[in-house]
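Read the structure below first, then the notes.
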Protein chains: 2
Amino acid sequence: MQRTTTIIDYSLQEEKIARYAKALSHPIRIRILQFLDRQSCCFTGDFTEEIPMAQSTISQHLKELKEAGLIQGDVMPPRIKYCINQAAWAEAKKYFNEFFQ
Amino acid sequence: MQRTTTIIDYSLQEEKIARYAKALSHPIRIRILQFLDRQSCCFTGDFTEEIPMAQSTISQHLKELKEAGLIQGDVMPPRIKYCINQAAWAEAKKYFNEFFQ
DNA sequence: ATAGTTCATCGCAAATTTACGATGAAGCAA
DNA sequence: TTGCTTCATCGTAAATTTGCGATGAACTAT
């Protein structure tokens, strides 16, 4: 990326919106979130049945959503139960609403 | 990316949200859009004064926003006047509202 | 102990994104 | 014509994203 000079202080709002938007920037992740929203909670296996992609790829998208804070995973051996993180979801909603007026 | 097997039909909604989200996934582009929203319209030079990045980099981000449809550029030699594309903006707003309920 | 299930993570490859400086097109002014 | 301004685009480099198969960790059941 050849980052030579630029250092920019982004506002919290700029950072937050960009971060959440990045998490939403792939159609598979939109599908995962909407699926989660309907089911309330899912195991990884539910997604691999629903979405025709390699299990490892889906796991990677779940990780991206988790790192953005939008979902959380609770260990229930041998499975992992994913739910939407309602607090983060509400925050994202607030920031996007505000952004679009 | 080694795309060997997977072909997924995304819904229009999935595609639209992901596409707009991608455009919003960089804090500089958030800043550009908010700046545009306040000023109603700007020339490229206004951004280069406001944002401490190379002119070519800013131009590239404007291009990304233009390709997503969120802004439009009108040639006013020797400058280019950028405005928010209100129709696309309204559409993005609608999709995000819908997505967040 | 062995075998099966569920899932994250690793290693790799290709594509895309991000950033820069340099260049050049388009137009204006002298 | 020559020179100036404004801006997109090109070329390049580094980082990140996306996707896969393979592996292995963690747990359950036999």
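Numbers restart at 1 for each chain; the letters A, B, ... are given by sequence-line order, proteins then strands.
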A/F100-B/F96 aromatic ring centre distance below 6.0 Å: yes
Candidates C/dC7, C/dT18, C/dG27 - which lies nearest the side chain of A/F43: C/dC7
Between C/dA8, D/dC20, C/dA19, spot the one nearest the side chain of A/A54, thanks. D/dC20
Classify the nucleic acid contact of A/Q60 as base, sugar-phosphate or nothing, counting any heavy atom under 4.0 Å across all strands shown. base
Round to the nearest Å and state the distance from B/E67 atom CD to D/dT9 atom P. 9 Å
Applying side-chain contact (heavy atoms from CB on, under 4.5 Å) to A/K22 and A/R19, what does each step give before you reach the verdict? CA-CA 5 Å; A/K22 182 159 157 276; A/R19 187 65 190 87; 3.9 Å; yes
Can you check the B/E64 CD to D/dA8 P distance for me, whole Å? 14 Å
Can you measure A/Y10 atom OH to C/dT18 atom P for me and round it to whole angstrom units? 10 Å
Ring centroid separation B/F35 to B/F47 under 6.0 Å: yes
Taking CD1 from B/I58 and P from C/dC20, how many angstroms apart are they, rounded to a whole number? 9 Å
Give the ring-plane orientation class for A/H26 versus B/Y10, where under 30° counts as parallel, over 60° as perpendicular and anything between as tilted. perpendicular
Remember a base hit wins even if backbone is also touched, and classify B/K66 as base, sugar-phosphate or nothing at under 4.0 Å, heavy atoms. nothing
D/dA22, OP1 or OP2 - any side-chain N/O from A/S56 closer than 4.0 Å? no
Is any side-chain N or O of B/K22 closer than 4.0 Å to OP1 or OP2 of C/dT16? no
To the nearest Å, give me how far apart CD1 (B/I28) and P (C/dT18) are. 9 Å
Hey, is the side chain of B/R29 poking within less than 4.0 Å of OP1 or OP2 on C/dT18, counting only N and O atoms? yes
Counting only side-chain nitrogens and oxygens, does B/T57 get under 4.0 Å of the OP1 or OP2 atom of C/dC20? yes
Hey, does B/Q55 reach any base, or is it just sugar-phosphate, or nothing, if we go heavy atoms under 4.0 Å? base
Give the nucleotide from the list D/dG19, C/dA19, C/dA8 with an atom nearest to the side chain of A/H26. D/dG19
Out of D/dG19, D/dA8, C/dA19, whichever nucleotide has its closest atom nearest the side chain of A/M53: D/dG19
Would you kindly give the CD1-to-P distance between A/I51 and D/dC20, to the nearest whole Å? 12 Å
Name the closest nucleotide to the A/P78 side chain, picking from C/dC20, D/dC27, C/dC7. D/dC27
CD1 of A/I80 versus P of D/dA25: gap in Å, rounded? 15 Å
Close aromatic pair by centroid cut-off 6.0 Å: A/W89 and A/Y20: no
Compare side-chain N and O positions of B/H61 against OP1 and OP2 of C/dA19 and report whether any pair is under 4.0 Å apart. yes
A/R29 side chain to A/A23 backbone, donor-acceptor under 3.5 Å: yes
Rounding to a whole Å, what distance do you find between B/L65:CG and C/dT18:P? 11 Å
Looking at every strand, decide which applies to A/S59 at a 4.0 Å heavy-atom threshold: base, sugar-phosphate, or nothing. base
